[in-house]
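What follows is a single structure, written as structure tokens, with notes after it.
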Amino acid sequence: MNEHATATVSWSPVTTRRGEVVRWSQTIIPTLREAPAEATTPSHQLLLRAGYIRQVASGVYDYLPLAWRSLRKIEQIIREEMNAAGGSEMLMPAMVPMELFAETGRADDYGNDLFQFTDRHGRATALGPTHEEVITDFLRHAVTSYRQLPLTLYQIQSKFRDEPRPRAGLLRGREFIMKDAYSFHLAVEGAGGLDETYDRMYQAYCNVFGRCGLDFTVVEAESGPIGGSASHEFMVNCPTGEDTIFRCPESGYAANIEKCEIGEREWSFDATATGADSGTDSGAGVTPAMLPLTKVHTPNMPGIEGVAEYLGVTAVGMLKTLVFQPAPGADSGETEWVLAAVRGDHDVNEGKIRDAIGFKVVLADEKLAKSAGFAIGYVSPRAADTVPNCLLVIDPDAAQGDRVWATGSDEPDHHVTGFNWQRDMAQSLSECEQNGAFVSYVKVADIRNAQFGDPSPRAAGATLVIQRGLETGHIFKLGSKYSEAMGFVVMDADQKRQPVIMGCYGIGVSRTMAACVEMSHDESGMIWPAAIAPFHVEIVLMKPNDAEHAALAEQLAEELAKAGLDVLLDDRKERPGVKFKDADLIGMPLRLTIGQKALDAGGVEFKARSDEGKGEVVPVAAITEHCLATLAQP
RNA sequence: CAGGGUGUAGCUCAGCUUGGUAGAGCACCUGCUUUGGGAGCAGGAUGUCGCAGGUUCGAAUCCUGUCACCCUGACCA
């Protein structure tokens with residue numbers, strides 16, 4: 001077993017990382033010629049085929065040796081950047097008593113997404129999906145003075161969420177590896193404040209994903225159920241990504257679909273106005289001439305597409321009106337109902353409604369809405385005139401008065417054509433047009449999801465473009481949501497008790513690995529960036545039985561390891577074709593082939609995975625230098 | 001949770017309509033040959049046909065139930 005000698009490391013107080021040498025015959029890399037039928041996304045298929053992961057249950061996977069090496073490298077990069085940003089690593093338990101989630105109300109928010117069980121004593125316990133409560137519980141006992149702040153703590157750990165539908169392998173699992181960091185401050189602004197750490201984390205995240213060799217975009221995001229005031233998502237760019245992101249090519253503004261603002265759009269309820277068309281409106285299906293309001297029988301057609309076809313118009317020529325209610329606990333004053341009117345081809349954005357009217361809304365309960373007088377499925381903006389305590393919010397693209405619209409008739413199974421804002425709702429709208437502000441019960445505001453080609457909110461004349469991405473990182477400004485709920489207060493310099501201000505920062509570690517495969521592969525297999533590849537170099541030994549060849553392979557591996565590179569030595573007694581196919585599949589950045597051909601030519605064959613062709617012969621003495629130089633290239 | 005699909009050898013799948021006691025390719029084991037892009041020949045091993053009930057002389061096949069997994073949606077890091 002002397003060949004193991006290359007794996008021994010001489011300990012030194014000064015660490016110059018020595019690479020590792022692993023022989024294929026002594027580990028397990030179970031490659032598959034064909035992808036198992038259950039895998040449909042590229043990263044899932046390749047991770048399975050290349051012997052990185054195996055499924056244990058839906059959304060639950062073994063990380064095999066190759067995957068684990070890559071994951072550890074990603075983790076190490078994260079550690080270095082978190083530490084550099086002032087974070088301290090710790091480890092919290094995966095098991096969390098339900099009492100902690102009850103304190104913040106997240107037991108209900110998470111609901112069935114929380115894995116729960118009861119221990120033998122009947123204590124309700126959850127597997128942690130994230131650890132705000134646990135860390136807040138720890139710190140409310142350990143930190144009592146503002147002098148101990150600011151503080152940033154993080155951990156890298158398996159998280160558990162009982163996803164309604166796990167899918168795409170590691171991209172959406174029920175158990176996954178995540179780095180979660182939490183920061184604590186006395187204030188939002190100023191030295192030691194949340195903003196300072198948030199900005200530092202933002203930079204650290206850019207460093208992490210940059211060092212991992214990923215092509216990514218940072219987008220503004222809604223903070224979601226976790227709560228808080230500001231948020232950015234880090235998205236790995238790839239065409240198969242499940243998230244849609246919008247970007248303004250002029251200003252660099254980028255946001256996800258929930259958050260993306262839309263630039264100024266002209267609107268007017270005036271029937272005689274000219275040029276009211278905004279640049280976003282193709283004008284298809286609209287009729288400038290005034291037509292009479294006509295009721296049309298449209299039985300069993302609550303859907304926009306069906307009705308539009310039946311009425312002989314397009315969705316662009318229709319008004320879609322949805323009925324919302326103030327969310328439970330929302331401070332809505334007198335308002336009981338919120339009507340949102342958008343163009344038929346647009347989607348209402350609840351977050352934007354909230355921002356426009358000042359309180360959160362949820363889609364109305366159908367039974368309640370019907371008993372209040374709404375003909376659900378056939379509602380028009382005019383319902384705001386008849387139902388009391390009803391607020392009407394209109395998207396600018398729908399607030400066009402120089403044309404007629406098809407819309408609901410406010411009675412079941414009927415729509416109307418020829419609806420015109422000014423003629424048919426003049427009274428309600430008269431004041432609204434003055435300034436667009438909250439006059440009486442009508443308001444015009446951006447309340448829809450952005451679309452390709454919408455005006456940019458940050459650069460006049462520019463339009464938004466669409467990209468696909470995979471979310472691998474997310475940072476939030478939490479504020480005092482958790483500290484207030486859990487009584488984490490600290491004495492400030494004025495001897496007043498202040499709830500602590502928090503931020504939280506997550507990276508999906510296992511998802512980052514999958515996203516990398518998703519982003520970087522070809523028809524033959526994976527193509528790893530050097531920084532997170534399981535090994536830097538794979539040595540393909542063509543004739544493992546030839547003592548001279550084998551000795552050269554060992555010598556090269558040793559040299560490369562000394563230079564700090566990790567080496568996988570394919571010493572299997574397999575045919576060349578099998579080894580080459582496998583090498584392409586598992587995707588190490590560099591491949592060295594030791595065979596008679598190249599030896600006769602005075603060297604070994606060198607090939608970068610990302611290059612086409614069969615590679616070049618490099619003299620043995622120059623190999624290490626050549627590898628290091630190639631890996632150093634961006 | 002709604003809709004759809006699939007469970008047969010390690011993997012990909014055929015067989016099911018029309019019931020008669022299980023197959024192919026690849027992988028695996030042995031031997032020989034071969035050795036630069038998933039080899040050839042010869043031989044060999046491999047299954048509670050997801051599970052449970054029912055119908056039948058007889059069930060992979062028909063019926064009922066159930067479980068698992070995948071896809072689309074809702075939801076979501």
Side-chain angles (χ1 to χ4, degrees), chain A residues 28 30-41 44-45 48-49 51 54-61 109-114 128-130 158-180 221-226 231-236 241-243 256-258 363 469-476 504-515 524-525 540-546 549 570 572-585 591-601 604-605 607 613-615 617:
Chain A
I28 181 154
T31 58
L32 262 21
R33 189 187 291 236
E34 291 162 291
E38 68 261 20
T40 52
T41 31
H44 191 194
Q45 291 180 330
L48 246 18
R49 275 193 62 206
R54 277 297 117 99
Q55 184 172 61
V56 176
S58 181
V60 180
Y61 293 85
D109 290 352
Y110 262 105
N112 288 332
D113 283 3
L114 212 51
T130 167
S158 287
K159 298 284 193 242
F160 303 85
R161 292 185 197 175
D162 196 354
E163 284 290 332
R165 185 152 88 83
R167 73 184 103 173
L170 260 32
L171 288 177
R172 181 164 304 280
R174 297 192 297 164
E175 174 174 342
F176 53 97
I177 302 172
M178 183 168 160
K179 185 281 309 184
D180 49 325
E222 278 283 320
S223 48
I226 209 159
S231 173
H232 287 87
E233 287 175 351
F234 292 74
M235 317 280 285
V236 170
E242 57 181 1
D243 294 311
N256 67 13
I257 194 161
E258 286 79 31
L363 203 57
L470 283 164
E471 182 185 353
T472 51
H474 201 157
I475 59 179
F476 307 83
C504 89
Y505 319 89
I507 293 179
V509 178
S510 44
R511 176 183 261 203
T512 296
M513 179 175 73
S524 300
V540 177
L541 186 51
M542 302 294 288
K543 291 186 173 178
N545 291 328
D546 183 314
H549 292 196
D570 189 352
R572 292 127 89 211
K573 294 175 176 46
E574 284 288 352
R575 300 178 58 79
V578 174
K579 294 190 172 193
F580 288 135
K581 288 284 185 193
D582 276 346
D584 288 346
L585 224 204
R591 190 186 81 193
L592 299 177
T593 307
I594 298 181
Q596 201 58 53
K597 263 189 192 171
L599 285 175
D600 290 344
V604 301
E605 185 185 293
K607 180 181 175 300
K614 298 225 165 188
V617 175

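Throughout, a chain's letter reflects where its sequence line sits, starting with A, and its residues are numbered from 1.
- We find that CD of E163(A) is positioned 17 Å from C1' of rC69(B), with the value rounded to whole Å.
- Listed for the K579(A) side chain is a donor-acceptor partner under 3.5 Å among the backbone atoms of L541(A).
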For nucleotides 70-73 of chain B, which of its nitrogen or oxygen atoms have a protein nitrogen or oxygen under 3.5 Å away, and what is each distance?
unit_1  : atom_1 : unit_2  : atom_2 : d
rC70(B) : OP1    : Q55(A)  : NE2    : 3.0
rC70(B) : OP2    : S58(A)  : OG     : 2.9
rC70(B) : O3'    : E38(A)  : O      : 3.4
rU72(B) : OP2    : R165(A) : NH1    : 3.3
rU72(B) : OP2    : R165(A) : NH2    : 2.8
rU72(B) : O4     : R165(A) : NE     : 3.2

Close N or O pairs between protein and nucleotides 22-26 of chain B (under 3.5 Å):
unit_1  : atom_1 : unit_2 : atom_2 : d
rC26(B) : O3'    : R33(A) : NH2    : 3.4
rC26(B) : O2'    : R33(A) : NE     : 3.2

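- Using a 4.5 Å cut-off on side-chain heavy atoms (C-beta onward), K159(A) and D180(A) make contact.
- Across all strands, G595(A) comes closer than 4.0 Å to base atoms (heavy-atom distances).
- Under a 3.5 Å cut-off, the side chain of K543(A) and the backbone N or O of H549(A) do not form any donor-acceptor pair.
- Taking atom NZ of residue K573(A) and atom P of nucleotide rG31(B), one finds them 14 Å apart after rounding to whole Å.
- When the C1' atom is used for both rC28(B) and rU12(B), the distance is 16 Å, rounded to whole Å.
- For the C1' atoms, the distance from rG73(B) to rU21(B) is 43 Å, rounded to whole Å.
- Of all nucleotides present, only rU30(B) satisfies the Watson-Crick or G-U wobble test against rA42(B), with each distance under 3.5 Å.
- Map K607(A) and D243(A) each onto its nearest nucleotide of RNA chain B; the residue landing nearer the 5' end is K607(A).
- As judged by a 4.0 angstrom heavy-atom cut-off over every strand, R572(A) is placed among residues making no nucleic acid contact.
- By the side-chain contact (heavy atoms from CB on, under 4.5 Å) test, E242(A) pairs with R172(A), L470(A), R511(A), sequence neighbours left out.
- The side chain of E574(A) has rC28(B) as its nearest neighbour among rC28(B), rU34(B), rG36(B).
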Could you pull out all donor-acceptor pairs under 3.5 Å where a side-chain atom in residues 162-169 of chain A meets a protein atom, sequence neighbours excluded?
unit_1  : atom_1 : unit_2  : atom_2 : d
D162(A) : OD1    : R174(A) : NH1    : 3.4

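- A39(A) and L48(A) get closest at one heavy-atom pair: CB-CD2, 3.8 Å.
- Residue R54(A) is classed as having no contact, given no heavy-atom separation below 4.0 Å to the nucleic acid.
- Of the P atoms belonging to rG44(B) and rA24(B), the separation is 13 Å, rounded to the nearest Å.
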Identify each atom pair where a protein N or O and an N or O of nucleotides 5-8 of chain B are less than 3.5 Å apart, giving names and distance.
none

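- Base engagement by K614(A) is indicated by at least one non-hydrogen atom pair under 4.0 Å involving a base atom.
- In this structure, K179(A) contributes its side chain and G473(A) its backbone to no donor-acceptor pair below 3.5 Å.
- The two atoms that bring R54(A) and P30(A) nearest to each other are NH2-O, 3.0 Å, heavy atoms only.
- Two residues, A35(A) and G173(A), neighbour RNA chain B, and the one matched to the more 5' nucleotide by heavy-atom proximity is A35(A).
- Taking atom C1' on both rC67(B) and rG53(B), the two are 14 Å apart, rounded to the nearest angstrom.
- If you take atom C1' in rU48(B) and the same atom in rA59(B), they sit 15 Å apart, rounded to whole Å.
- Taking a 6.0 Å sphere around CG of N112(A), one finds it holds 12 or fewer heavy atoms contributed by other residues, nucleotides or ligands.
- With P as the reference atom, rG54(B) and rA60(B) are 15 Å apart, rounded to whole Å.
- Formation of a donor-acceptor pair under 3.5 Å by the R161(A) side chain with backbone atoms of P129(A) is found in this model.
- Going from the P atom of rG23(B) to that of rC16(B) covers 15 Å, rounded to whole Å.
- When heavy atoms are screened at a 4.0 angstrom cut-off, D584(A) is found touching base atoms of the nucleic acid.
- With C1' as the reference atom, rG7(B) and rC11(B) are 15 Å apart, rounded to whole Å.
- With sequence neighbours excluded, no residue satisfies side chain to side chain donor-acceptor pair (under 3.5 Å) with Q45(A).
- Judged by distance alone, the side chain of S158(A) and the main-chain N or O of I177(A) form no donor-acceptor pair under 3.5 Å.
- Closest contact between the side chain of R575(A) and the listed nucleotides rG38(B), rU34(B), rG36(B) involves rU34(B).
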